[in-house]
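When a ligand or atom number is given, it counts from 1 through the structure's own listing order. Bear in mind that the values here come from a model prediction, so they are computed numbers and not experimental data.
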Amino acid sequence: MMPRFIVHKTSVLPGFPLTFIPSTPRMQKRQDPAIEIIKAKADDAFNKNDFIVALALYSFISNIDPCNGIYHLNRSLANLRLQRWSNAAADATKALELCGTTVHKAKAYFRRCQARRELYDILGAKEDLDAFLSNGGSAKTAQIEAEKLEAIPLSADETSIRDDIADVADLLSNTLKLAASEADTVYEIRPSSGKALGAFATKLLRRGDLILAETPIVPVDDPTPQNIVTSFKQLSPRNLSRCLLLHNVHPQTGIFEGIFSTNAFSQSGIVFEASRFNHSCSPNARYAYHEPSKRERIIALTDIAEGEEIYVSYLQSRNVYGSSRSERRQTLSTRYQFCCTCSACDDANYKKSDRRRQEIGMIWKSLPMMSDGRKILTSVVRAITLMREDGYLADADDFAVDAAAICAGHSDWESCEY
Ligand SMILES: C[S@@+](CC[C@H](N)C(=O)[O-])C[C@H]1O[C@@H](n2cnc3c(N)ncnc32)[C@H](O)[C@@H]1O
């Protein structure tokens with residue numbers, strides 16, 4: 001029996017070891033423990049004057065837990081620091097509705113007072129200042145604020161000046177986009193029809209080109225739910241806010257687990273940019289984890305035209321080249337909640353593709369049983385031809401290494417290298 005050399009089994013999927021696939025939703029938790037962690041990171045960002053990140057994180061948790069007035073109260077202050085006056089006033093109003101204690105109410109009145117002052121709603125601001133005092137606010141603080149209000153001539157336009165700053169998610173993602181566009185990349189992340197975001201080539205890429213090499217941000221060796229939460233907990237507020245922007249098709253499993261199972265790579269964990277590449281069963285690029293540098297890499301398998309979407313396969317080699325459309329669809333829909341419509345799965349092509357892939361799968365299974373070198377070589381050539389016919393250009397080495405071993409056994413070094 002020929003030895004089966006596993007040369008590059010570093011190909012990975014942005015998925016999960018099978019043990020962790022959240023196939024059945026757990027019972028809805030009352031409060032996701034992730035919320036406490038996110039709140040602590042938001043406070044941390046605020047204390048470090050990173051108000052955009054604080055705002056993004058407060059927004060994230062207030063969307064999940066909209067009845068908690070504290071998030072609105074805190075976000076109101078972050079909005080004040082960012083001079084988003086209307087948003088600050090709206091958050092303070094929401095906090096007044098939701099917060100029960102006079103301490104929180106006093107804070108909310110004071111924040112709304114400051115926002116209204118900036119919006120030239122002087123009468124409203126004065127009312128809030130009175131309410132601040134009647135809820136136990138400091139007389140000294142109120143005095144300072146009252147002097148500021150007195151200094152504004154009442155003839156000033158009292159109608160609210162519109163706050164035209166973009167929404168917080170836009171604000172954050174624009175900052176991130178800016179950072180990405182400053183980097184020297186050969187792709188851009190933008191909407192992909194029916195697939196949320198995807199990665200598109202920004203210039204002609206040649207087969208073999210390195211598309212990205214990225215260090216994982218949430219490395220998890222042993223992805224138990226506990227380890228995942230611990231890894232997220234260790235992130236900086238900025239990286240956490242980036243992670244929370246990642247796609248999550250398993251929200252019922254918890255915030256961090258859902259993000260992890262939608263995006264994580266089995267060998268490296270969460271990698272921001274590589275997580276945005278969509279799947280195809282006939283991909284034009286592939287993942288390749290580079291152990292020495294501990295970086296996740298994506299490499300072009302074909303030439304890729306400028307503007308073309310770059311696809312990788314989420315399924316590991318034999319699971320994609322040796323499987324039928326229905327098998328792949330089942331796995332992809334369980335793990336990633338989508339129905340693949342790539343060229344191999346397309347209604348017009350899939351029957352032919354299934355036949356080819358079935359034959360490739362049979363060759364893969366029968367090769368270790370073969371002892372006749374010539375037969376092995378013929379089978380390997382057939383498998384690689386079928387892969388090429390099917391437009392599947394990765395993993396030919398799964399077969400070629402067997403062929404190379406036979407050639408080496410016959411001291412045919414030229415063919416061996418070929
Ligand atoms: C790792 S993310 C890929 C990036 C994602 N599109 C985004 O917006 O961040 C995986 C998710 O992308 C979507 N996706 C990936 N490939 C797809 C495809 N071929 N067709 C439809 N949706 C796809 C699915 O929702 C899947 O759960």
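For ligand 1, the polar-atom distance check finds no N/O of Tyr311 at less than 3.5 Å from any of the ligand's N/O atoms. Polar contact check, Thr262 against ligand 1: no nitrogen or oxygen pair lies under 3.5 Å apart. Polar contact with ligand 1: absent for Cys339 (N/O pair, distance under 3.5 Å).
Not counting sequence neighbours, the partners of Lys94 by the side chain to side chain contact (heavy atoms under 4.5 Å, CB included) test are His72, Glu97, Leu98.
Inter-residue side-chain proximity for Ile304 and Tyr311 is flagged as unmet; no heavy-atom pair is nearer than 4.5 Å. When side chains are defined from C-beta on, Tyr336 does not count as touching His279, because their heavy atoms never get closer than 4.5 Å.
Residue contacts with ligand 1, taken as heavy atom pairs separated by less than 4.0 Å, involve Phe338 solely via side-chain atoms from C-beta onward. Looking at Val249 against ligand 1, only its side chain comes within 4.0 Å, counting heavy atoms.
Of all atoms in ligand 1, numbered sequentially from 1 with element shown, those under 4.0 Å from a heavy atom of Asn263 are 1 (C), 2 (S). Close contacts between ligand 1 and Arg276 involve ligand atoms 4 (C), 7 (C), 8 (O), 9 (O) [criterion: under 4.0 Å to a heavy atom]. Set against the non-hydrogen atoms of Asn278, the atoms of ligand 1 under 4.0 Å away are 3 (C), 4 (C), 5 (C), 6 (N), 12 (O), 13 (C), 14 (N), 15 (C), 16 (N). With ligand atoms numbered from 1 in the order given, ligand 1 contributes 24 (C), 25 (O), 26 (C), 27 (O) to contacts under 4.0 Å with heavy atoms of Tyr336.
For residues 201-212, every residue pair satisfying the salt bridge (Lys or Arg N to Asp or Glu O under 4.0 Å) rule, not counting sequence neighbours, is listed here: Arg206-Asp303.
Ring centers of Phe277 and Tyr187: under 6.0 Å apart, within the cut-off.
Heavy-atom separations between Phe277 and ligand 1 include at least one value shorter than 4.0 Å. Within the structure, the closest approach of Ser275 to ligand 1 falls below 4.0 Å when heavy atoms are considered.
Using a 4.0 Å cut-off between a side-chain N of Lys or Arg and a carboxylate O of Asp or Glu, Asp91 and Arg111 do not qualify as a salt bridge. Between Arg325 and Asp347, at least one side-chain nitrogen of the basic residue sits less than 4.0 Å from a carboxylate oxygen of the acidic one, meeting the salt-bridge criterion.
When the heavy atoms of Lys195, Glu309, His247, Arg190 are ranked by distance to atom 25 (O) of ligand 1, first place goes to His247.
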Between His250 and Thr253, does the side chain to side chain donor-acceptor pair (under 3.5 Å) criterion hold? Intermediate values first, please.
CA-CA 6 Å; His250 302 293; Thr253 63; 5.9 Å; no
